[in-house]
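Contents: one structure, followed by commentary.
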Amino acid sequence: MSPSTALKDYNEKFYTYQHYGIAEYWIVDTANKMIHVYYLHEGTYQRHATYGQQDTLHSAQFKDLAIPLTYVFEWG
């Protein structure tokens, strides 16, 4: 997500993906070094968690998926 696409990511894409039943939606905020994870529950996205650069991201959909975010954000 960049500042120029933030509204699109939080609104248009969010509701489009929700409408089409995408099981999990991650919004990567590189400026603030955070990832917001949402999962689909009964047709509506629910916030799973928000992770910062020192955290390990855990997927709501894929229980064994864990990503240390220090590696993700050091690329930028």
Side-chain angles (χ1 to χ4, degrees):
M1 172 177 82
S2 68
S4 64
T5 65
L7 286 176
K8 186 173 188 170
D9 291 332
Y10 276 106
N11 291 308
E12 185 179 329
K13 287 182 184 179
F14 184 94
Y15 291 110
T16 298
Y17 294 169
Q18 179 178 266
H19 174 78
Y20 286 103
I22 305 303
E24 191 166 288
Y25 181 43
W26 299 4
I27 299 176
V28 180
D29 180 348
T30 56
N32 294 307
K33 297 185 178 182
M34 297 170 52
I35 298 179
H36 308 277
V37 178
Y38 297 87
Y39 69 97
L40 200 61
H41 177 72
E42 297 181 0
T44 304
Y45 276 137
Q46 305 295 313
R47 187 169 64 102
H48 174 64
T50 297
Y51 297 97
Q53 66 180 347
Q54 299 302 320
D55 297 327
T56 298
L57 184 149
H58 297 275
S59 169
Q61 181 71 22
F62 303 101
K63 300 300 181 195
D64 293 332
L65 179 63
I67 302 170
L69 296 182
T70 54
Y71 301 112
V72 171
F73 289 117
E74 72 182 20
W75 291 340

key: Partner of Tyr51 under side chain to side chain contact (heavy atoms under 4.5 Å, CB included), chosen from Thr56, Val28, Val37   = Val37
request  = Report the residues that fulfil ring pair (Phe, Tyr, Trp, His ring centres under 6.0 Å) with Tyr38, sequence neighbours left out, ordered by chain and then residue number.
outcome  = Phe14
message = To the nearest 0.5 Å, what is the distance between OG1 on Thr70 and NZ on Lys33?
response = 11.0 Å
task = Considering non-hydrogen atoms only, spot the tightest contact between Ile35 and Trp26 and give its length.
result = CG2-CB, 4.1 Å
query = Mind checking what makes side chain to side chain contact (heavy atoms under 4.5 Å, CB included) contact with Tyr17, not counting sequence neighbours?
reply = Lys13, Ile22, Tyr25, Tyr45
Pairwise distance OG1(Thr30) to CD(Gln53) - rounded to 0.5 angstrom = 12.0 Å
Show the atom names and distances, to 0.1 Å, of all donor-acceptor pairs under 3.5 Å that link a side chain in residues 57-69 to residues at least two apart or in another chain.
| residue | atom | partner | partner atom | Å |
| --- | --- | --- | --- | --- |
| Ser59 | OG | Glu24 | OE1 | 3.1 |
| Ser59 | OG | Glu24 | OE2 | 2.9 |
| Ser59 | OG | Gln61 | N | 3.1 |
| Ser59 | OG | Phe62 | N | 2.9 |
| Lys63 | NZ | Ala60 | O | 2.8 |

task = Could you list the residues that satisfy side chain to side chain contact (heavy atoms under 4.5 Å, CB included) with Gln46, not counting sequence neighbours?
result = Tyr39, His41, Thr44
